[in-house]
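Throughout, protein chains are lettered first and strands after them, A, B, ... in sequence-line order, and every chain is numbered starting at 1.
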Protein chains: 2
Amino acid sequence: MTKEEAMRLLEDAGYRHSRRRERMVQILADEDRYLTARELWEKMQAAYPELSADTIYRNLGLLHDMGIVTMTEFQGERRYRFHCGIRDHHHHFICLGCGASEEVLDCPLDHLQHRFKDAAIVGHRFEIFGYCPACQQKARDGEGYGTALV
Amino acid sequence: MTKEEAMRLLEDAGYRHSRRRERMVQILADEDRYLTARELWEKMQAAYPELSADTIYRNLGLLHDMGIVTMTEFQGERRYRFHCGIRDHHHHFICLGCGASEEVLDCPLDHLQHRFKDAAIVGHRFEIFGYCPACQQKARDGEGYGTALV
DNA sequence: CTCCTAATCGGAATCGTTCCGGTTTTATTC
DNA sequence: GAATAAAACCGGAACGATTCCGATTAGGAG
């Protein structure tokens with residue numbers, strides 16, 4: 001997915017082309033990692049110092065509904081990242097320090113579908129949490145990791 | 001894990017034997033499914049109508065730290081369940097309707113450790129979400145599922 | 001029973017998120 | 001380009017989960 005494709009999806013669905021929304025998509029595309037609403041809001045400050053939190057949440061919800069971003073939640077917060085370039089279904093290693101992620105193409109559910117004949121499966125998640133090399137280095141230099149919640 | 005084993009773990013670690021805590025463990029053991037803090041609090045009302053929310057959260061945190069309960073979070077809330085009888089590491093199918101869960105013994109991380117030589121892995125989660133037969137029936141009888149968030 | 005302190009209470013504070021009435025921006029039509 | 005309708009946004013209040021804190025209660029050692 002590119003920013004242009006994302007904006008196109010929104011336009012085709014009848015949503016207006018708003019500058020704030022475009023900037024949000026731009027940031028999400030550039031950062032290419034999981035961001036909290038707050039992080040995104042802070043990055044928007046430069047261009048829109050008056051930006052309302054409502055705008056962030058409303059648009060993140062929309063982008064999620066449109067399949068432009070993927071969402072996960074841990075450590076009490078929801079986190080969003082621009083949908084990876086990879087078209088196929090996949091999972092992630094996620095750095096708890098910076099939100100960077102690495103794709104894991106295997107989907108464990110593939111081997112397990114047969115186990116749940118009577119249950120109605122509506123979703124699943126498989127995530128590996130840890131610290132990327134850069135954040136490990138940062139921890140060695142500084143005061144160490146925070147408490148791992150997972 | 002049984003309630004007795006759990007209380008023993010707490011005692012051995014130097015924690016006092018409090019009646020509220022014991023009742024919490026009892027409920028978690030009996031329910032044998034994922035509960036939110038609120039659900040647990042409601043179930044405690046019968047015995048302790050004056051119970052403070054702080055007591056629920058403080059003890060859930062303690063039980064989690066002691067490995068007596070496992071925690072996951074989805075739909076904006078943390079959910080806790082008594083640690084399954086199975087000793088070995090495993091994962092869950094979780095019913096979004098009632099929190100019931102079914103064990104999945106395969107761990108997808110087993111086949112993937114070699115992929116993350118430079119990352120420091122501190123945890124992972126693999127969960128399958130859906131509706132158990134009983135909740136599917138309830139949905140057919142009633143007003144249907146809520147929106148699935150996963 | 002007495003004493004010490006862990007455990008609890010209750011009520012305020014915090015934090016992420018949502019809601020709402022009023023205002024601004026975008027797209028359309030003239 | 002002006003007029004118009006609706007989407008998008010703002011600011012601030014509201015909400016729900018969770019945490020914090022000073023005062024009180026209760027477990028258990030002596």
Selected nucleotide, minimal atom distance to [X] side chain, candidates [options]:
| X | options | result |
| --- | --- | --- |
| Arg78(A) | dG28(D), dA6(D), dT17(C) | dT17(C) |
| Arg19(A) | dC21(D), dT26(C), dC10(D) | dT26(C) |
| Arg16(B) | dG27(D), dC9(C), dG12(D) | dG27(D) |
| Thr55(B) | dC10(D), dC9(C), dT5(C) | dC9(C) |

- Measure from NZ or CZ of Arg79(B) to the centre of the six-membered ring of Phe74(B) and say whether it is under 6.0 Å with the direction within 45° of the ring axis. yes
[atom1] of [X] versus [atom2] of [N]: gap in Å, rounded?
| X | N | atom1 | atom2 | value |
| --- | --- | --- | --- | --- |
| Tyr48(B) | dT25(D) | OH | C1' | 13 Å |
| Glu50(A) | dT25(C) | CD | P | 12 Å |
| Ile56(B) | dG10(C) | CD1 | P | 13 Å |
| Glu39(A) | dT17(C) | CD | P | 12 Å |
| Glu73(B) | dC15(C) | CD | C1' | 14 Å |
| Leu63(B) | dA7(C) | CG | P | 12 Å |
| Leu35(B) | dA17(D) | CG | P | 14 Å |
| Asp65(B) | dT19(D) | CG | C1' | 15 Å |

- Message: At 4.0 Å (heavy atoms only), tell me whether Ala37(B) reaches a base, stays on the sugar-phosphate, or touches nothing.
- Response: sugar-phosphate
- Query: What does Arg58(B) touch in the nucleic acid at a heavy-atom separation under 4.0 angstrom: a base, only the sugar-phosphate, or nothing?
  - Reply: base
Would you say a side-chain N or O of [X] is under 4.0 Å from OP1 or OP2 of [N]?
| X | N | answer |
| --- | --- | --- |
| Thr36(B) | dA17(D) | no |
| Tyr57(B) | dT19(D) | no |
| Ser18(B) | dT8(C) | yes |
| Arg21(B) | dA7(C) | yes |
| Arg38(B) | dA17(D) | yes |

- Message: Quick check on DNA chain D: between Ala53(B) and Leu62(A), whose nearest nucleotide comes earlier from the 5' end?
- Response: Leu62(A)
- Message: With nearest nucleotide decided by heavy atoms, which residue, Ser52(A) or Arg79(B), maps closer to the 5′ end of DNA chain D?
- Response: Ser52(A)
- Given the rule in the side-chain contact (heavy atoms from CB on, under 4.5 Å) test, do Leu62(B) and Leu10(B) qualify, once you have shown the distances and angles that lead to the verdict? CA-CA 9 Å; Leu62(B) 173 62; Leu10(B) 290 166; 4.0 Å; yes
- Shortest non-hydrogen contact from Phe93(A) toward Ala119(B): CZ-CB, 3.5 Å
- Hey, does the side-chain of Arg20(A) have a donor or acceptor N/O within less than 3.5 Å of a partner on the base of dA8(D)? no
Show the atom names and distances, to 0.1 Å, of all donor-acceptor pairs under 3.5 Å that link a side chain in residues 20-27 of chain B to residues at least two apart or in another chain.
residue  : atom : partner  : partner atom : Å
Arg21(B) : NH1  : Asn59(B) : OD1          : 3.0
Arg21(B) : NH2  : Arg16(B) : O            : 2.9
Glu22(B) : OE1  : His17(B) : NE2          : 2.8
Glu22(B) : OE2  : Lys3(B)  : NZ           : 3.2
Gln26(B) : OE1  : Lys3(B)  : NZ           : 2.8
Gln26(B) : NE2  : Asp30(B) : OD1          : 3.1
Gln26(B) : NE2  : Asp30(B) : OD2          : 3.3

- Message: Please evaluate residues Cys84(B) and His90(B) with respect to the criterion side-chain contact (heavy atoms from CB on, under 4.5 Å), reporting the C-alpha separation (whole Å), side-chain torsions for both, the decisive distance (0.1 Å), and the verdict.
- Response: CA-CA 9 Å; Cys84(B) 306; His90(B) 61 280; 3.3 Å; yes
- Query: Is the His89(B) ring parallel, tilted or perpendicular to the His124(B) ring (thresholds 30°, 60°)?
  - Reply: tilted
